[in-house]
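Heads up, the thing below is written out as structure tokens.
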Amino acid sequence: MSDETSGVSEAEIAVHWGEESYFHPPASFSAQANLQDKNIRDRFSLDNFPQCFEEFADLLTWDRRWDKVLDTSDAPFFKWFVGGRLNASYNCIDRHLEKHSNKTAIHFVPEPEHEAIQHMTYRELWVRVNEFAALLRDFAGVKQGDRITIHMPMVPELPIAMLACARLGAIHSVVFAGFSGKAAADRIVDSESKLLITMDSYYRSGALLDHKEKADIAYEDSKNQGHAVDKVLVFERYPGRYSSPTPIVEGRDIIVNDLLKDFRGQRVDPVSVKSEDPLFLMYTSGSTGRPKGAQHGTGGYLSYAAWTSKNVQDIHPEDVYWCMADIGWITGHSYIVYGPLALGASSIIYEGTPTYPDAGRPWRVAEELGVTIFHTSPTAIRALRKAGGGNPEKYNYHFKHMTTVGEPIEPDVWKWYYDVIGKKEAVIVDTWWQTETGGFLITTMPAIDPMKPGSAGPAMPGIHPVIYDEDGNEVPPGSNKAGNICIRNPWPGMFQTIWKDPDRFVSTYFAKYNKDPKSTDWRDWPYMAGDGAMQAADGYYRILGRIDDVINVAGHRLGTKELESAALTVPEVAESAVVAAKDDVKGIMPEIYVSLQPNVEPTEELRKRISDAIAKEIGPIAKPRAVWIVPDLPKTRSGKIMRRILAAISNDNNDVGDVTTLSNPETVDLIRKLHTK
Ligand code: WT7
């Protein structure tokens, strides 16, 4: 938690707006919506918990029906739909073949505009997942329960690889392609992955990036840390034409597109797994330097992704659905791959940057494919607006529904989204959730709840939030006070544990408000999300941001400790401190303060080296907005760095608070002067 020394948390700087008035969903939207029942939240009241969630599981095809909806005997390690068996790949593909074999499952939009959009039917997806699953099983020896790290860009081969793992009951761990080889290595080691699946190259902002070089780093680095993968499987961006300057390592690297020829026509029976068998790991940053592997189960997670896709995203069979997130994050897992495909929908995968080659690109895609549902982040909306907006009015598309996710959205940005991108025709849902939660927790239900710009909304049916103060007292709605947002009850989408670290699972998310660690009653285990929030008198929640040492940059979670230790890999750096600073486009960006070893001169070159070290260790998204080289970091007498003071300076806040308890109060003015230069 944020003690005095750990800095100004996001929650204190992120949200600075008041209550707004309501916008009502268009009648035309409400009349066609999947969910029109105004009493839905009664059906999902705590009195009906946990049986109410059977409605979620009933959206799936089970090999064996569950005996028990929720098992709390090992709380807070909750098990959903116990006794049930199913396969996620079967649910996302095979079961649609009878009626929708020829329907597009995935529209792939390459970044270069002259490359044609590819439309992959459910039948073709089935063929390709089967052939790749056969390769994984019979060539690479993959078995149920094995972990597989997938470090791939936004191409159809990514969900193919995920679904092939799921078909075999293997656990995938997808690493965002923008992350470094080093970051992939850490995740390979922690998950003890058997294989690394990667791609030679991909397009981003007009350039064909060499991605294979990251695989070499990931392999070497993980091997040096004591865990080597058996093989590196490399997909080609252009099948049959290897497109990376980084050579193939004989014996270790396999070009998948060559080898697949041996598996043509092969079919793999989906492995029927237990509902609570893990489907995937998704690593996310926390307060320590080590990312944690959020482990998601199969039955609960898939039920939750499917129900929320149907009723919050309002996906109908004839919709064309475009979520612009990256599959390397949880949003892409739940709302590009698993949710939409479980429903048999048509989901778009876009390879590149939204503003490439200009801000009109998304609207050309929307027009060409007839997109009806659009899903993106406040950062992307702000970036599109900054790039001129791309004249949505010139393009003939009509969104019925739009989503925003990942960060608080300013009412002003919300209204631009509504007026300009949505052409005042689309309903908007502002969905609050996390890697750990598997799917949406707080959102309006699009046909029945009015929207309020800047507020995520009331909770999902079946989700019962509560805001606690530091002492565990409930903060009532309308009190105008913020606190820690928690969820009173477990839900099917919630993660099962942190991979290989159950103690951290309990201590990070449950310990603070649990009064009896031996209790097997779910009521004793509220889930603490790690965000500050306020609830208005009408019940709507405003999410203020992280309360821990995590910064949410452009909707991507970064641990300040990870950045600080990356900076320390530069030998001249003695100490470092990262703070969150408000940013016009990305919402929040990191700034880093460093002090140097004795007799080292601060230079521009050194500053760049520190920034580059962070990009190399973590990835370019972690690059700080500024590197401040300071003579000394402000510290308490016991030697703790006072990040709170640095954060105030980075946010142009003159009120740095009490500095009299510092051991070196004079540094504060020196640092402030650096800033005003
Ligand atoms: C953190 C989770 C949810 C998938 C993408 C990010 C912030 C998320 C909202 C929202 C305000 C939001 C929270 C949360 N966040 N959605 N609608 N309004 N803040 O997943 O990387 O696990 O990050 O993102 O701070 O804790 P993640």
Side-chain angles (χ1 to χ4, degrees), residues 135-136 139-143 145-153 157-158 161-162 164-165 168 170-202 209-235 244 246-256 278 280-286 288-295 327-329 435 498-501 504 558-559 561-563 565-566 568-569 612-622:
L135 183 156
L136 288 178
F139 170 78
V142 172
K143 296 181 305 298
D146 286 344
R147 278 81 56 209
I148 311 289
T149 295
I150 305 177
H151 193 200
M152 287 179 67
E157 288 81 356
L158 172 51
M162 293 161 71
C165 289
L168 298 170
I171 305 168
H172 58 71
S173 164
V174 178
V175 179
F176 171 54
F179 273 151
S180 64
K182 170 82 175 57
D186 294 345
R187 287 152 176 78
I188 288 170
V189 172
D190 189 75
S191 61
E192 298 168 284
S193 282
K194 183 178 177 63
L195 297 176
L196 170 63
I197 306 177
T198 188
M199 187 165 241
D200 54 356
S201 58
Y202 65 101
L209 304 183
D210 180 8
H211 190 61
K212 171 60 165 56
E213 66 176 350
K214 291 186 176 176
D216 287 17
I217 295 168
Y219 181 86
E220 284 305 323
D221 196 285
S222 52
K223 193 170 151 202
N224 292 339
Q225 292 187 51
H227 181 86
V229 294
D230 295 352
K231 294 266 179 263
V232 178
L233 304 186
V234 188
F235 277 102
S244 159
T246 306
I248 288 292
V249 176
E250 288 302 327
R252 183 196 78 184
D253 300 348
I254 306 295
I255 295 193
V256 176
F280 66 86
L281 306 179
M282 164 66 42
Y283 281 85
T284 188
S285 296
T288 75
R290 210 160 53 85
K292 45 196 179 189
Q295 174 186 318
I327 296 173
W329 306 103
T435 303
I498 293 174
W499 182 255
K500 289 200 309 200
D501 206 347
R504 194 174 173 196
L558 298 170
K561 294 252 179 352
E562 292 169 63
L563 275 79
S565 47
L568 291 173
T569 64
D612 288 347
I614 293 173
K616 178 167 162 267
E617 291 286 308
I618 304 170
I621 53 158

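- Scanning both residues, L558 and A622, for their nearest heavy atoms gives CD1-CA, 3.7 Å.
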For this session: Please step through side-chain hydrogen bond (donor to acceptor under 3.5 Å, both in side chains) for the pair D221 and Q225, ending with a clear verdict.
Result: CA-CA 6 Å; D221 196 285; Q225 292 187 51; 2.7 Å; yes

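- Put simply, the side chain of F179 reaches to within 4.5 Å of the side chain of I621, judged on heavy atoms.
- Residues A140 and K194 come closest through the heavy atom pair O-CE, 3.1 Å.
- Counting heavy atoms of neighbouring residues, nucleotides and ligands inside a 6.0 Å radius, atom NZ of K500 exceeds 12 of them.
- Taking each heavy atom of A184 and H151 in turn, the nearest pair found is CB-ND1, 3.7 Å.
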Exercise. Is there a side chain to side chain contact (heavy atoms under 4.5 Å, CB included) between L281 and D190 once you walk through the steps?
Worked result: CA-CA 11 Å; L281 306 179; D190 189 75; 6.0 Å; no

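- Remark: H172 NE2 to M282 CE distance equals 8.0 Å, nearest 0.5 Å.
- For residues 209-219, the pairs satisfying salt bridge (Lys or Arg N to Asp or Glu O under 4.0 Å) are K212-D216, K212-D253, D216-R252, with sequence neighbours left out.
- Atoms CD1 and CZ, on I150 and R187 in that order, are 14.5 Å from each other to the nearest 0.5 Å.
- Here the straight-line distance linking atom OG1 of T198 with atom CG of L233 works out to 9.5 Å at 0.5 Å rounding.
- In this structure, S285 and K292 approach most closely via the heavy-atom pair O-CE, 4.0 Å.
- The two residues F139 and I254 make their nearest non-hydrogen contact at CZ-CD1, 3.6 Å.
- Here CD of E157 is found 11.5 Å from CD1 of I197. Values are rounded to the nearest 0.5 Å.
- With hydrogens and angles ignored, the 3.5 Å screen pairs a side-chain donor or acceptor of K231 with a backbone N or O of G251.
- Smallest separation of non-hydrogen atoms from A185 and A218: CB-O, 3.6 Å.
- Between atom CG of residue D200 and atom CG of residue L209 there is a gap of 11.5 Å, rounded to the nearest 0.5 Å.
- Residues satisfying the side chain to side chain donor-acceptor pair (under 3.5 Å) criterion with S180, sequence neighbours excluded, are absent altogether.
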